[in-house]
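Notes to accompany the following structure.
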Amino acid sequence: IFSTFAFNPVSAQNNPLPGIEITCVNEENPLYLDVTSSGAQSVAICTIENPSSFNEEIEIDYDGDGLTVAGPESMTLAAGAEETIQVAVSSSSVDSTVYNITVSVQVTSVQGSPDLVEFLQSFLPSDETNIIAQVAEFVDLSVSSQPSSISLSSEVMMAMSASVMVTNNGNVDDIVTVTIYNSAELDQ
């Protein structure tokens, strides 16, 4: 019986209701922020799609979860159109913390259909997505000694010592091995 009926899927151009959809590349896999002299930064890519048969005005909001986030705040999307946007993400901290940024889109007006104004006020089509972001892990070791040099003399034959300080300026714990080269000559 069902094989005699023809079902036509609703395409974006035939969708009778306003709507909006957003997806970002880093919804599941982290966007790694590159460390710079002033913190860390990167750019996320998101796609906003209008699945309806109406031209729509939309607003875009960002919740940075402690990060600075900048991107377009509004746009007009034609019926069935999609737009790719870039979202700049930056941090003044270089700690390797995982952040969950929320990007929200909301239809604010529908062009060409005055009958939908009242509907929009009660419905307000919207969507949101997340961007997982993390400052990339990096190693930055520095070594200093006190005193910076020692003059050894076979005539004095006196014990001497120096302190070596290894500092981890990176953003993750590191296991460090310190090796003294030519230790056999020092023993002599």
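Heavy-atom basis, side chains included; hydrogens, waters and symmetry copies ignored.
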Testing the basics here: between [X] and [Y], what is the closest heavy-atom pair and its distance to 0.1 Å?
X	Y	value
Val135	Ser93	CG2-O, 3.8 Å
Gln134	Ser96	NE2-OG, 3.0 Å
Ala79	Ser53	CB-C, 3.4 Å
Pro18	Pro125	O-CG, 3.7 Å

Okay, side chain of [X], backbone of [Y]: is any donor-acceptor separation there less than 3.5 Å?
X	Y	result
Asp61	Ser104	no
Tyr62	Pro72	yes
Asn26	Ile131	no
Asn50	Ser52	yes

Partner of Thr102 under side chain to side chain contact (heavy atoms under 4.5 Å, CB included), picked from Thr129, Asn130, Val69, Asp65, is Asn130
[X] side, atom [atom1]; [Y] side, atom [atom2] - distance, nearest 0.5 Å:
X	Y	atom1	atom2	answer
Ser74	Glu57	OG	CD	7.5 Å
Ser145	Met165	OG	CE	11.0 Å
Leu33	Thr97	CG	OG1	10.5 Å
Leu77	Glu21	CG	CD	11.5 Å
Ser42	Gln86	OG	CD	10.0 Å
Ile22	Thr47	CD1	OG1	8.0 Å

Go through Asp140 and Asn168 one step at a time and tell me if the side chain to side chain contact (heavy atoms under 4.5 Å, CB included) criterion holds. CA-CA 6 Å; Asp140 183 8; Asn168 179 0; 5.7 Å; no
Start with the C-alpha gap between Asp63 and Ile101, add the side-chain angles, then the distance that decides, and say whether side chain to side chain contact (heavy atoms under 4.5 Å, CB included) holds. CA-CA 6 Å; Asp63 178 356; Ile101 301 164; over 6 Å; no
Are the side chains of Met75 and Ile60 in touch, meaning some heavy atoms are under 4.5 Å apart? yes
Pair Gln41-Ser91, side chain to side chain donor-acceptor pair (under 3.5 Å): steps then yes or no: CA-CA 6 Å; Gln41 63 186 17; Ser91 171; over 6 Å; no
Test of understanding: clusters of I, L, V, M, F, W, Y form through side-chain heavy atoms closer than 4.5 Å, transitively. Do [X] and [Y] belong to the same one?
X	Y	result
Val89	Ile85	yes
Val98	Leu31	no
Val139	Val176	yes
Leu67	Ile132	no

For a quick check under 3.5 Å, do [X] and [Y] share a side-chain donor-acceptor pair by atom type?
X	Y	answer
Thr167	Asn169	no
Glu27	Thr23	no
Glu59	Thr108	no

So Ile20 and Glu56, side chain to side chain contact (heavy atoms under 4.5 Å, CB included) or not? Walk me through it. CA-CA 9 Å; Ile20 197 73; Glu56 298 175 343; 3.9 Å; yes
